[in-house]
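As the structure is a prediction and not an experimental result, all values here were calculated from the model. We're numbering straight along the sequence, starting at 1.
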Amino acid sequence: MIRLGTRRSKLATAQSTIVADQLRALGHEVELVLITTTGDVNRAPVEQIGGTGIFVSALRDALLAHEIDIAVHSLKDLPTTPLDGLTLGAIPVREDPRDVLVARDGLTLGELPRGALVGTGAARRAAQLDALGLGIECTGIRGNVDTRISLVTDGKLDAVVLARAGLSRLGRLAEVTETLDPIQMLPAPGQGALGIECRADDTGVLAALAPLEDPATRVAVTAERQLMATLEAGCTAPVGALAEVVEGEDGPELWLRGALGQDDGVRRLSANGPVDDPVSLGKALANELLERT
């Protein structure tokens, strides 16, 4: 029996159920273990209650205490600093990493009137929206998908910006009024990808997770997370990143785009490098972003 730890939210349990079903299809018995994290019970802004890690620390504690065998994280919520004794046993195929708009009256971003109130809990999204110069006003929000979308349907906000992957996993893509092009809005590092964490010495679980691994996704998110780590940024920082494995003239190569919010706007740069060294690519682009600030 594999004990899978998950947060209690609808999205977290949906993500964990996807992984559980994949493992069951491989012949494993899986039990979901519901765990409450700091981020689930404290409704204050993320940066005020600990920033990176508030949604995963309780899951990691349960892993180290042998109360669960694996934990499924949204990689954008997972700290970039490794934790002794734990490892990412598998990173499955990534969902669409882009952000989406859910707006009143089916409006797109460009159709929102000047002064429109747009909700987002991410400094990254707010910085990039401001940089577009559309005259919209961003306001901070917290809560699950239901709570955030209800702010629009109840008329309190004109729109909210959410991760497309979450809505896809919840079966709610019909409510999307626009999928935002990364040229306008680079996603959070690791957005759309799941990380399955386990104890580093649990060879049985590591073997069970191996078939779920997607090498292209791991390479891409490794570059994105290294960029964030080099910038010494957490999940609340105005950092966007998106990497993709593409076919180059001499074979596959890795392309990485990064964005860093500053007081005077958003710096955007891109770079490419070999697929087998995503860490160096992430570091190099982060350092170039820092040099341009």
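- In the hydrophobic clustering of ILVMFWY residues, with side-chain heavy atoms under 4.5 Å counting as a link, V100 and V152 come out together.
- Scanning all heavy atoms of the two residues, the minimum distance from L170 to A14 falls at CD2-CB, 4.2 Å.
- With a 4.5 Å cut-off on side-chain heavy atoms, T108 and T177 do not count as touching.
- Put simply, the side chain of D181 gets close to the backbone of I183: a donor and an acceptor are under 3.5 Å apart.
- In this structure, I91 and I196 have side chains that are not in contact, with every pair of non-hydrogen atoms separated by 4.5 Å or more.
- T179 and R98 form no side-chain donor-acceptor contact under 3.5 Å, judged by distance and modelled atom types alone.
- A salt bridge does not link E67 to R3: none of the charged nitrogens lies less than 4.0 Å from a carboxylate oxygen.
- Each of V205 and I68 belongs to its own hydrophobic cluster when Ile, Leu, Val, Met, Phe, Trp and Tyr are linked at side-chain heavy-atom distances under 4.5 angstrom.
- Atom CD1 of residue I18 and atom CG of residue L194 lie 7.0 Å apart, to the nearest 0.5 angstrom.
- In this structure, a donor-acceptor pair under 3.5 Å is absent between the side chains of T222 and Q226.
- The CD atom of E29 sits 9.5 Å away from the CZ atom of R24 when rounded to the nearest 0.5 Å.
- At a threshold of 4.5 Å between non-hydrogen side-chain atoms, the residues L180 and Q184 count as touching.
- The closest donor-acceptor contact from the side chain of S9 to the backbone of A12 lies under 3.5 Å.
- For the atom pair CG (L32) and OG1 (T6), the distance works out to 6.0 Å, reported to the nearest 0.5 Å.
- Under 4.0 Å is where a charged nitrogen must lie from a carboxylate oxygen, and between R94 and D214 no such pair does.
- Taking CG of N287 as the start and CG of L269 as the end, the distance is 11.5 Å to the nearest 0.5 Å.
- A distance-only check finds no donor-acceptor pair linking the side chain of E253 to the backbone of G248 [under 3.5 Å].
- Dense packing is recorded around CD of E247, with more than 12 heavy atoms of other residues, nucleotides or ligands lying under 6.0 Å away.
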Applying side chain to side chain contact (heavy atoms under 4.5 Å, CB included), run through V33 and L4 and close with a yes or a no. CA-CA 6 Å; V33 180; L4 189 162; over 6 Å; no
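- Note on V246 and V219: separate hydrophobic clusters, where clusters join Ile, Leu, Val, Met, Phe, Trp and Tyr whose side-chain heavy atoms are under 4.5 Å apart, directly or indirectly.
- Linking Ile, Leu, Val, Met, Phe, Trp and Tyr whenever their side-chain heavy atoms come within less than 4.5 Å puts V118 and M185 in one cluster.
- The pair R60-E197 meets the salt-bridge criterion, since a charged nitrogen lies less than 4.0 angstrom from a carboxylate oxygen.
- Here the side chains of T153 and E175 are not in contact, with every heavy-atom distance at 4.5 Å or above.
- Between A241 and L227, the shortest heavy-atom distance links the atoms CB-CD2, 4.3 Å.
- A side-chain donor-acceptor contact under 3.5 Å links T120 to the backbone of A122.
- Annotation: side chain of L86 is not in contact with side chain of C198 (no heavy-atom distance under 4.5 Å).
- What you find for T87 and A200 is that their closest heavy atoms are CG2-CA, 3.8 Å.
- Side-chain N or O atoms of R104 include none that pairs as donor or acceptor with a backbone N or O of A159 at under 3.5 Å.
- Looking at V279 and D277, their side chains come closer than 4.5 Å, going by heavy atoms from C-beta outward.
- Residues A127 and V266 come closest through the heavy atom pair O-CG2, 3.5 Å.
- To the nearest 0.5 angstrom, I70 atom CD1 is 11.0 Å from L59 atom CG.
- L134 has its side chain within reach of L109: a pair of non-hydrogen atoms, C-beta onward, lies under 4.5 Å apart.
- T13 and R7 are not linked by any side-chain donor-acceptor pair at a separation below 3.5 angstrom, with hydrogens and angles left out of the test.
- Between L107 and L101 there is no side-chain heavy-atom pair separated by less than 4.5 Å.
- Separating the CD1 atom in I136 from the CG atom in D130 is a distance of 7.5 Å, to the nearest 0.5 Å.
- When hydrophobic clusters are built by joining Ile, Leu, Val, Met, Phe, Trp and Tyr residues whose side-chain heavy atoms come closer than 4.5 Å, directly or via intermediates, V102 is grouped together with L11.
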Assess whether side chain to side chain contact (heavy atoms under 4.5 Å, CB included) is satisfied between T230 and L289, documenting all intermediate values. CA-CA 10 Å; T230 303; L289 280 167; over 6 Å; no
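- When every heavy atom of C138 is checked against every heavy atom of A126, the shortest pair comes out as SG-CA, 4.0 Å.
- The closest side-chain donor-acceptor pair between Q191 and D99 falls under 3.5 angstrom.
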Just do the side chain to side chain contact (heavy atoms under 4.5 Å, CB included) check on L285 and L281 with the steps written out, would you? CA-CA 6 Å; L285 189 58; L281 181 60; 5.5 Å; no
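- The two residues L186 and R124 come nearest to each other via the heavy atoms O-NH1, 2.7 Å.
- Residues satisfying the salt bridge (charged side-chain N to carboxylate O under 4.0 Å, His left out) criterion with R268, sequence neighbours excluded, are absent altogether.
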Could you walk me through whether N272 and L254 pass the side chain to side chain contact (heavy atoms under 4.5 Å, CB included) test, one step at a time? CA-CA 5 Å; N272 67 304; L254 186 62; over 6 Å; no
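- Under a 3.5 Å cut-off, the side chain of E224 and the backbone N or O of A243 do form a donor-acceptor pair.
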